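Remarks on the structure that follows.
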Number of protein chains: 2
Amino acid sequence: MRIVKEAEIRRNEILDAAEELFGQKGFDGTSTGDILGKVGIARGTLYYHFKSKEDIMDALIERTNANILGAAQHIAADKSIPVIDRILRVVMALNISGGNGSSTEIMEHIHKPQNALMHQKIQKAIISGVPPILTPIICEGIEQGIFNTQYPYECMEMVVIYANTIFDDDMVEMTDEVRMSRVLAFISNVERLLGAESGSLMSVMQMFGNGEEARDEDGE
Amino acid sequence: MRIVKEAEIRRNEILDAAEELFGQKGFDGTSTGDILGKVGIARGTLYYHFKSKEDIMDALIERTNANILGAAQHIAADKSIPVIDRILRVVMALNISGGNGSSTEIMEHIHKPQNALMHQKIQKAIISGVPPILTPIICEGIEQGIFNTQYPYECMEMVVIYANTIFDDDMVEMTDEVRMSRVLAFISNVERLLGAESGSLMSVMQMFGNGEEARDEDGE
DNA sequence: AATTACCGACAGACAGTCGGTCGGTACAAC
DNA sequence: GTTGTACCGACCGACTGTCTGTCGGTAATT
């Protein structure tokens, strides 16, 4: 039986299947056969739409990224929100999902030894995508006298890389207590980096309280 | 033809071959057949000594790590060297090699998209191995009034993760100029983190001058 | 005679290729 | 406005080559 669809629809079906399977079993753990079965297409079809298995991953990351970064960018541009609140909101948007809530699941399963390549690619996208969104907010903060640094971009880069590695990845195993002390130290360090008054960023600690599980009151 | 050797010798022959091949062609790009050919043994022999291909990688990382971290630890413990010099020396030892110079080559080829898993494992080892070596030196610095921070360990963690990601990996493409400005900002940021006097760490910039190519005057 | 190191044929799985097929659409002819 | 036809994009699935890991057996060593 043969079902014909528009190319972009098929493409997205494949990406949807891959998203779920990669999340469950990792990239290496997922065979193209698995994807074939889930979508209900033949091998040739898959390779008609994508040139390799890795190509699927790249497309998936790009799709997910466009969502997430777009949402974050949107919040970042809203100058009616006070600087510190806005930073918090932006980071929330980055951690939780890309609006529709469809891209949430992958993020929860990505930090596994198996998915190293995917993880690395996402990491790269985060590093080049997030600091440019946050930096303008920091600059506003500098104008307002809340922050003080010559290197807002580099600070954001450092903060993003560190937070992403320690708090999102499982690079270092932590009990909840250790994690809490890391958060405290982190906030204190960020205050120093940004030249903010000591304690002025403590309010962002709530972000780490529930970690990535938070999903109650986002009215987005 | 059948050549019998002591298990540990064979093991190391295999690791030597794997080290070179992984460096040249990456982990995924290297087949167990390649290793077999290079060492001159049969499949069964390889799997007599290692339980899987990944097991080879793990063993290799562990071997390399023991060398590098050992050398760094050795320098770190030498209290006759002034604090800042010592930090510099330790970091040099980490970047350059593990003493014998045998493990240098891998490090040069590891930062490639192919070797994601190996890279991740090494990253993990660095993150859990390096800060504990540097922290006591920072503490000495605090006692001497050079530094001032409540969180020496977390600072080192942040610094190590950032430097390793930005300067060692190719996570973000940089021209030499951009790189230089990153180094400047980095040093300035580290000074703030450690509560060091502004400019007091500028001397470590030499480390980044020639990047990882430096290998002239280490009298080790 | 027992243990340790080694061999190589083999099974099973998987990514990617290729020739061929089918459905839809545009458009001409009637 | 119905029928004929030419074309193309989407789709199929058998096949190839490669690779990892296994297993039964063999040679050296103690």
Side-chain angles (χ1 to χ4, degrees), chain A residues 1-61 63 112-118 120-121, chain B residues 1-61 112-118 121:
Chain A
M1 68 178 81
R2 185 196 191 81
I3 300 164
V4 177
K5 299 189 180 177
E6 231 170 280
E8 207 186 305
I9 293 178
R10 247 307 118 77
R11 239 183 101 87
N12 273 303
E13 282 181 10
I14 295 171
L15 290 180
D16 290 341
E19 185 166 26
E20 191 171 333
L21 289 168
F22 289 172
Q24 285 167 10
K25 326 203 303 187
F27 177 74
D28 287 341
T30 303
S31 73
T32 52
D34 293 338
I35 300 175
L36 264 32
K38 183 151 197 123
V39 182
I41 54 173
R43 288 200 85 64
T45 308
L46 187 101
Y47 283 91
Y48 174 77
H49 293 283
F50 297 92
K51 75 180 225 294
S52 70
K53 193 182 168 192
E54 188 171 344
D55 191 34
I56 297 175
M57 182 172 63
D58 289 339
L60 185 55
I61 290 174
R63 191 180 75 166
K112 288 175 186 167
Q114 330 161 4
N115 304 24
L117 181 56
M118 182 160 38
Q120 193 182 68
K121 292 191 174 192
Chain B
M1 67 177 86
R2 188 189 190 86
I3 300 163
V4 178
K5 300 188 180 177
E6 229 170 282
E8 206 185 307
I9 293 179
R10 250 302 121 79
R11 238 182 101 87
N12 273 304
E13 281 180 9
I14 294 171
L15 289 180
D16 291 340
E19 184 165 27
E20 191 171 334
L21 289 168
F22 289 173
Q24 286 166 9
K25 325 202 307 188
F27 177 73
D28 287 341
T30 301
S31 71
T32 50
D34 293 338
I35 299 175
L36 263 35
K38 184 152 193 120
V39 182
I41 55 172
R43 289 201 82 66
T45 308
L46 187 103
Y47 284 89
Y48 174 77
H49 293 284
F50 297 92
K51 76 179 223 293
S52 71
K53 193 183 168 191
E54 189 171 343
D55 190 34
I56 297 175
M57 183 172 62
D58 289 340
L60 186 54
I61 290 174
K112 288 176 187 169
Q114 330 162 5
N115 305 25
L117 181 57
M118 182 162 36
K121 291 191 174 189

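All of these numbers come straight from a predicted model, not from anything done at the bench. Each chain gets a letter, A, B and so on, in the order its sequence line appears, and its residues count up from 1.
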Exercise. Can you name the one residue among A:His49, A:Glu19, A:Arg63 that meets side-chain hydrogen bond (donor to acceptor under 3.5 Å, both in side chains) with A:Asn12?
Worked result: A:Arg63
Exercise. Can you check the B:Arg10 CZ to D:dA28 P distance for me, whole Å?
Worked result: 14 Å
Seminar exercise, completed: Separation of D:dG9 atom C1' from A:Ile41 atom CD1, nearest Å, is 15 Å
For this session: Report the residues that fulfil side chain to side chain donor-acceptor pair (under 3.5 Å) with B:Lys5, sequence neighbours left out, ordered by chain and then residue number.
Result: B:Glu13
Exercise. Could you give the CZ-to-P distance, from A:Phe50 to D:dC11, as a whole number of Å?
Worked result: 12 Å
Exercise. Between B:Leu36 (CG) and C:dC10 (C1'), how many Å, whole number?
Worked result: 15 Å
Problem set entry | Pairing residues for B:Asp55 by the salt bridge (charged side-chain N to carboxylate O under 4.0 Å, His left out) criterion, not counting sequence neighbours | none
Exercise. Quick one: is C:dC6 close enough that its OP1 or OP2 comes under 4.0 Å of any side-chain N or O from B:Tyr48?
Worked result: no
Exercise. Looking at B:Thr45, does any N or O in its side chain come under 4.0 Å of the phosphate oxygens OP1/OP2 on C:dA5?
Worked result: no
Exercise. Reading nucleotides 13-21 of chain C from the 5' end, what letters show protein touch, with B for base, S for backbone sugar-phosphate only, - for no heavy atom under 4.0 Å?
Worked result: -SBBBB--B
Problem set entry | side-chain contact (heavy atoms from CB on, under 4.5 Å) against A:Ser31, all qualifying residues, sequence neighbours excluded | A:Asp34
Problem set entry | Non-neighbouring partners of A:Arg11 that pass salt bridge (charged side-chain N to carboxylate O under 4.0 Å, His left out), sequence neighbours left out | none
For this session: Would you kindly give the CD1-to-P distance between B:Ile3 and C:dC6, to the nearest whole Å?
Result: 9 Å
Exercise. Within this structure, what is the CG-to-P distance between B:Leu46 and D:dG21, rounded to whole angstrom?
Worked result: 9 Å
Seminar exercise, completed: Here the distance between atom C1' of D:dT20 and atom CE of B:Met57, to the nearest Å, is 14 Å
Exercise. Can you tell me if the side-chain N/O atoms of A:His49 get under 4.0 Å from OP1 or OP2 in D:dG9?
Worked result: no
Exercise. Residues two or more places apart in sequence or in another chain: which of them pass side-chain contact (heavy atoms from CB on, under 4.5 Å) with B:Lys38?
Worked result: B:Ala17, B:Glu20, B:Leu21
